[in-house]
Amino acid sequence: MSCNPYMPMPAKLENVVQETANIKTFLVRPEKPLVFKAGQFIALTVPGIGEAPFTPSSSPSISEKIEITIMRVGRVTEKLHALKPGADLAIRGPLGQPYPLEKYHGQEVLIVGGGVGLAPLRALLFALFEDMGKYKKIFVRYGAKTPADIVYRQAVEAGWGRKEMDVVITVDKRDAGWSGNEGVVTKILAPDKLKCNPKEGVAVVCGPPIMMKFATLELLHLGFAPENIYLSMEKNMSCGIGKCGHCRLGPFYACKDGPVFSFDRIKNLQKIWD
Amino acid sequence: MYKLEKTNLDDFLRTVSKDREVYALEQAGSQYHLIRSDAWQAGKHTLGAFRPVEPLKALVFHPRDLLGSLGDTAPGADIPERIVIGAKNCDVSALKIHDYVFLNTAPVDPAYKEAREKTIIVSCDCTDACEVCFCPAVREQPYPKAGFDINLSPTDRGYVVEAGSERGRQLLEKAGKMLSAADAAILKERDQNRQKLLEKVCAQTEKMGLTCGADLRQAVEKSQGKKIWDDFAEDCVECGACNLICCTCHCFLLADGRGKNNATSRVRQWDSCLYKNFATVAGGANPRRHRAERLHNRFDKKFSFFPEVLGCYACDGCGRCVEACTGKIDIRKVLKRAVNEL
Ligand SMILES: Cc1cc2nc3c(=O)[nH]c(=O)nc-3n(C[C@H](O)[C@H](O)[C@H](O)COP(=O)(O)OP(=O)(O)OC[C@H]3O[C@@H](n4cnc5c(N)ncnc54)[C@H](O)[C@@H]3O)c2cc1C
Ligand code: SF4
Ligand code: SF4
Ligand code: FES
C-alpha cells in the first residue's frame with residue numbers, strides 16, 4: 001500500500017478546535033510520522049467520501065501529529081467539519097515543494113495572508129521562529145472579512161508573543177467591538193503602515209485569488225522584485241503528484257512544481273488569478 | 001533485421017505470443033478493432049492496414065482502475081502477461097507520453113509500470129491510411145521508429161522483422177528457425193512502401209489545408225483568446241469523447257467510494273478537460289469557465305505543454321477524435337485555421 005502513491009495512510013482525528021464560524025483546526029495523528037516542510041501540502045481523506053488538498057498549519061518540526069486548518073466550503077470539507085475526535089481519516093503526503101527558506105536568510109520576511117490563507121503561513125512562521133536569527137525581521141499583514149473571521153485570533157493579536165514580530169490586522173467590515181483597521185489587506189501594505197525595505201525583503205502571500213492579485217500588484221508597486229514575491233497557487237487537484245493533469249498552470253503542475261511559485265515564474269502565464 | 005516468409009506469419013505470431021494473452025486486430029467493415037483473445041488466430045486476426053478504433057493506451061492506462069482499499073496492503077488486480085499484435089505507429093508513439101507521465105517522472109505509477117512490463121508490443125507498418133489520418137503534420141510517420149519490441153513491415157517479398165528491444169530480440173530467438181537475414185531487395189521494398197504511404201498521408205493532410213511541418217506550437221500558443229476557439233467550441237457538447245478516444249490523453253480523476261463490506265475504495269478513472277468542472281476549485285471559481293477556453297486548453301496541453309516538457313507534440317495524428325467528436329469538430333481544421341491566422 002505504501003508503495004502506491006495514490007493511496008493514503010490511516011490517521012486518527014485527535015482534536016478539533018473551532019477557529020471561526022466556518023473554519024476549524026483538526027489535529028490529526030498519522031499512523032506513521034509524516035515529515036513535511038513549510039509550504040508542502042498533504043491530501044486528507046474522509047474514508048468513503050473523498051480526498052482534498054490542505055496545507056498543514058502546525059510546525060514542520062513535529063511530524064507525529066499535524067494540525068490542519070480547514071474552511072467548510074463543499075462536499076469533503078462539510079463532512080470533515082461534522083467529524084468528532086476519534087474519527088478515522090487517512091492522509092497522503094508530503095506533496096509539492098517547500099518554501100525556499102535558504103533564500104530568505106538575511107532578509108526581511110513579509111507575510112501577507114487573507115482569510116484561511118493564514119493557515120499555511122502559520123507553518124511557515126513556526127519554521128521561521130526556529131531559526132529566528134537567520135532573518136532580519138518578520139512582518140505579518142493579515143486581512144479577514146470581519147473580526148469574527150480572524151483565525152488563531154489570540155496568537156495573531158499577540159504577535160505570537162514575540163517582540164520582534166511586526167503584526168498588523170485589518171478587517172473588511174468592522175463590528176461594534178473592533179477599533180482596529182478597516183479595509184482590504186492592500187491598505188495595510190501602504191508604505192506608511194509597512195516600514196520594511198523591499199530591496200532586502202521577500203514577501204510570501206496566501207489567500208483568495210483576488211486578494212493575491214491585488215496584494216501582488218501592491219508589492220510590485222512597493223518595489224519588491226517579482227522573484228521575491230512568493231504566491232500559493234491553489235488549483236483544482238486530484239492526484240497531487242503531477243499525473244492527473246488537473247492542476248496545470250502553463251508549463252507547470254501546481255501540485256508538483258508548486259504550490260508555491262515566485263511571481264517571476266508565472267507572471268507571463270494567462271489567467272493565473274482565476 | 002530479418003526476413004519472414006509470408007507463409008510463416010501465423011506460425012511466427014503463434015510462437016512469439018505463446019503463453020500470453022493476445023490483443024489483435026479484427027476487421028469489421030472498413031474499420032479494425034483491438035480485441036482480446038487467448039491466442040493468435042489465423043483468418044480471424046489480421047495485422048491491419050491502419051490503426052484500430054480503440055487506442056492502445058487503454059491496455060496500460062486502464063479506463064478505470066481500482067487502486068486499493070484504505071488500510072488494505074494487497075496490491076491491485078494481477079495483470080497477465082500479454083502481447084499486442086499489429087499496433088500502429090500513432091499508438092506506439094503515444095506511449096512515450098504515458099511513459100513520461102507515469103514512469104519517468106517520480107513517483108512511478110505502479111499499475112502502469114506493471115501493465116507496461118507485461119505487455120509485449122509487436123507493431124506493424126501501416127499499409128494504408130484512414131481518411132482522418134494526418135500523422136505527418138505532427139512530425140510522425142505511418143511506421144514506427146521506436147517504442148516497439150518487434151516490428152513487422154509487410155512487403156511483396158515477405159515481412160521485414162526488426163527487434164526494437166532486448167525482450168524483442170529474445171522473442172525473435174525463439175522464432176529463429178523461421179527467420180533469415182533481410183536482403184537488400186526486401187529492405188529496399190520496405191523503404192519504398194514506407195515512403196509511398198508517407199507521401200499519400202501527407203497529400204491527404206495537405207488536401208485538408210494543413211501543411212505538414214507547420215509550427216503547430218506557435219499557432220496554438222498565439223491563438224489563445226482568439227475567436228477561433230469560440231467558433232469551434234460552439235459545436236462542442238462537452239461529451240469528452242475526444243479525450244477518451246485519444247491515444248495520448250492521460251488525465252484522470254481519483255474518486256472514492258464504499259465497496260463490498262463497506263470497505264472504502266479508491267479508483268482512478270479517465271477524465272476529460274472539456275468537462276466544465278475539470279479545473280473548478282472550491283467556492284466555484286473556474287479558470288476555464290467558457291467552453292472555448294477549455295477547447296483551447298486541450299490543444300495547449302498537446303501542442304505547447306508537451307513540446308515544452310518532453311520535446312514532442314502530444315498528438316500523433318491518429319484522427320480518432322475527428323471520428324469520435326459529437327460536434328464534428330475536426331482537429332485538422334482547427335490546426336489549419338490556427339496556422340493560417342498566425
Ligand atoms: C495546495 C492546496 C492547499 C490548500 N490548503 C488549504 C488549507 O490549508 N485550508 C483550507 O481550508 N483549504 C485549503 N485548500 C483548499 C481546499 O483544498 C478546498 O477547500 C477543498 O478541496 C474543498 O473541498 P470540498 O470537497 O469541500 O469542496 P467542493 O467545492 O465540493 O469541491 C472542490 C473541488 O472538488 C471538485 N469536486 C467536488 N465534488 C466532486 C466529486 N464528487 N468528484 C470529483 N470532484 C469533485 C469540485 O469540482 C471542486 O473542484 C488548499 C488547496 C490546495 C490546492
Ligand atoms: S488529438 Fe486526436 S488526432 Fe491527435 S492523438 Fe489525440 S485522438 Fe489522435
Ligand atoms: S468530442 Fe467534440 S463535442 Fe465531445 S468534448 Fe470533444 S470537442 Fe467537445
Ligand atoms: S493534482 Fe494531479 S497533476 Fe497536479
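Just so we're on the same page: letters track the sequence lines, and every chain starts at 1.
The two residues Asn236(A) and Asn277(B) make their nearest non-hydrogen contact at ND2-O, 3.7 Å. For Phe305(B) against Phe252(A), the heavy-atom pair with the smallest separation is CE1-N, 4.3 Å. Here the closest non-hydrogen pair linking Gly242(A) and Val101(B) is O-CG1, 4.4 Å. Across all non-hydrogen atoms, the minimal contact from Cys251(B) to Gly245(A) is SG-CA, 3.7 Å. Across all non-hydrogen atoms, the minimal contact from Asp256(B) to Gly50(A) is OD2-CA, 3.6 Å.
For Lys226(B), the NZ atom is densely surrounded, since the number of other residues' heavy atoms within 6.0 Å is greater than 12. Atom NZ of Lys37(A) sits in a sparse spot, with 12 or fewer heavy atoms from other residues, nucleotides or ligands closer than 6.0 Å.
Residue with the most contacts toward chain A among Thr105(B), Val108(B), Asp109(B): Asp109(B) (heavy-atom pairs, distance under 4.5 Å). The greatest number of non-hydrogen atom pairs below 4.5 Å with chain A, out of Asp300(B), Val281(B), Leu254(B), is found for Leu254(B). The residue among Lys243(A), Lys256(A), Gln270(A) with the most heavy atom pairs within less than 4.5 Å of chain B is Lys243(A).
Heavy-atom distances place the backbone of Glu234(A), and not its side chain, under 4.5 Å from chain B. Contact annotation for Ile241(A): both backbone and side-chain heavy atoms come within less than 4.5 Å of a heavy atom of chain B. There is no contact between Ala111(B) and chain A, counting heavy-atom distances below 4.5 Å.
Ring-plane geometry between Phe278(B) and His246(A) is classed as parallel, the angle between the planes falling under 30 degrees on a 0 to 90 degree scale with a further cut at 60.
Using a 4.5 Å heavy-atom cutoff, the side chains of Cys239(A) and Arg268(B) are not in contact. Taking the side chain as every heavy atom from C-beta outward, Asp274(A) and Arg289(B) never approach each other to under 4.5 Å. Residues Arg258(B) and Pro47(A) have side chains in contact (heavy-atom distance under 4.5 Å, counting atoms from C-beta outward).
A distance-only check finds no donor-acceptor pair linking the side chain of Ser238(A) to the backbone of Leu253(B) [under 3.5 Å].
Note that the SG atom of Cys244(A) and the CG atom of Asp271(B) stand 8.0 Å from one another [nearest 0.5 Å]. To the nearest 0.5 angstrom, Lys271(A) atom NZ is 8.5 Å from Asn286(B) atom CG.
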